[in-house]
Amino acid sequence: MGSGPSNPEPRVLQAMAAPAAPPEGPIHRAVLDEVAQFGRAVFQTTTGSVVTVAGASRAGIEAGLASLIRPGDRVLVGVYGHFGELLCTLAARHGALLERVDAQWGAPVDVDAMVNRVRHTQPRLVAIVHADTSTGILQPLAAIGQACRESGALFLVDAVLSLGGCEVDVESWQIDVCVAGLQKCLGGPPGQALVTMSERARGAVAGRERPSASAYLDLAALDATWRGRRHSEAAAVAMPMLFAAREALHMVADEGLAARWQRHAQASAALRAGLEAMGLELFAERQQRVPMITLVRVPPGIDEAGVRMQLLDEHGIEIMAAFGPLRGQVWRIGTMGTNACSPSVLSVLGGLDAVLASRGFKLPRGAGVDAALRTWRSELLSASGPDAP
Ligand SMILES: Cc1ncc(COP(=O)(O)O)c(C=O)c1O
């Protein structure tokens, strides 16, 4: 229950064991088509293309940046945590003339500041993280997307944490390249990036005078392969990962996007009610928090790493430390994918209750689990409406 990878769904792991289908055969084609079709639904785009990139999520992000940036292009990045810094590092590697709008760790980037910079500096590309796992903060995107469209900038978004756990609306937020991984709220393993591209982005990557510096992380080539125009340089496909992507996206479709977002919201609401009832303090403003990871402050005098190790050793539950300016100050508890459920939430609260009490932290024993249960019940009742039993 850390910051992801989260435990994959058993159904996804099982799907990965299917025998690999030969490239260009009908089974292979059908899998690509299904991943693209389900992927479009999850990204909420009717016209975008979807491709996968075999590699960590950042391979998908780097493919987007490498394919869109021409050396010397002005690129504006919004930074409010570690993964915004990653966008800057990768963009700079591909020759960007970097501009940035920063926020302190614990708040999103100011939307008006971002919009003004888009209007005044006219970048070729604007890049930002939707939900930064290092801070647990959610970034509003619609107005930035609108400003990009008006000024002619391309808009790239890292939705690695958010896709499948809360609303990501690629079409109405006017996102040109949106990247996710399977390993957070989609309930899959790490090692496969999902990328969607708008018509504008496809035009931009296909219409380059000089091809991008990366031959492997080239969205134009990947797009051609996924559209059935396989070229001789196409890499071998990581079939188990493709099967994982299909199954994970299938599971989202089975559950329904809105129901899945609601499950993530309910799990974090229950967890947060429980943590507060134990006398712990949550990080950041309530309305800016993401619904799939919870940052909670380490109480004074409590050994941050010691609690995590004891929770793992005695209860088999792993939560995460923080890094950067938050190192040693907060724990990060994920409720992603299969862990956005009441047994996982109650287990982590019960485990923390025992571990903190054993270390002398004064807390009302059992209050965390009680508060989480009460919150879960009221969340379920309000979700099912006035006719609920
Ligand atoms: C928001 C966000 N972006 C990008 C990444 C990078 O993912 P990967 O390590 O799979 O490259 C992560 C990983 O935690 C993330 O949380």
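Sequential numbering from 1 along the given sequence is applied to the chain's residues. Ligands are counted one by one from 1 in listed order, and the atoms in each one are counted from 1 as well.
The protein non-hydrogen atom at the shortest distance from atom 5 (C) of ligand 1 is Phe83 CE2, 3.3 Å. Closest to atom 3 (N) of ligand 1 among all protein heavy atoms lies Asp158 OD2, 2.6 Å. The closest protein non-hydrogen atom to atom 9 (O) of ligand 1 is Arg58 NH2, 2.9 Å.
Atoms of ligand 1 lying under 4.0 Å from at least one heavy atom of Ala56, given by number and element, are 8 (P), 10 (O), 11 (O). Of all atoms in ligand 1, numbered sequentially from 1 with element shown, those under 4.0 Å from a heavy atom of Lys184 are 13 (C), 14 (O), 16 (O). Listed by number with element, the atoms of ligand 1 under 4.0 angstrom from any heavy atom of Gln183 are 7 (O), 10 (O).
The option from Asp132, Leu86, Thr133, Ile61 that lies nearest to atom 15 (C) of ligand 1, judged by heavy atoms, is Thr133.
A donor-acceptor pair under 3.5 Å is absent between the side-chain atoms of Arg40 and the main chain of Val35, judged by distance alone. With hydrogens and angles disregarded, no donor-acceptor distance shorter than 3.5 Å links the side chain of Arg332 to the backbone of Met320. The main-chain N or O of Glu171 is never found under 3.5 Å from a side-chain atom of Gln174 such that the two would form a donor-acceptor pair.
Under the salt bridge (Lys or Arg N to Asp or Glu O under 4.0 Å) criterion, Arg100 pairs with Glu85, Asp102, not counting sequence neighbours.
Polar contact with ligand 1: present for Ser57 (N/O pair, distance under 3.5 Å).
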Using a 3.5 Å cut-off and no angle test, enumerate the donor-acceptor pairs between side-chain atoms of residues 154-163 and protein atoms at least two apart in sequence or in another chain.
unit_1	atom_1	unit_2	atom_2	d
Asp158	OD1	Val160	N	2.8
Ser162	OG	His130	ND1	2.8

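Looking at Ser49 and Arg227, their side chains do bring a donor and an acceptor atom within 3.5 Å of each other.
In this structure, CG in Asp254 is found 10.0 Å from CZ in Arg260, a value given to the nearest 0.5 Å.
Look at Ala131 and you'll find a heavy atom under 4.0 Å from some atom of ligand 1. Residue contact annotation: His130 has no non-hydrogen atom under 4.0 Å from ligand 1.
The same ILVMFWY cluster, assembled from side-chain heavy atoms under 4.5 Å apart, contains both Leu86 and Leu194.
Residue-level proximity to ligand 1 for Ala193 is absent, since no heavy atom of it falls below 4.0 angstrom.
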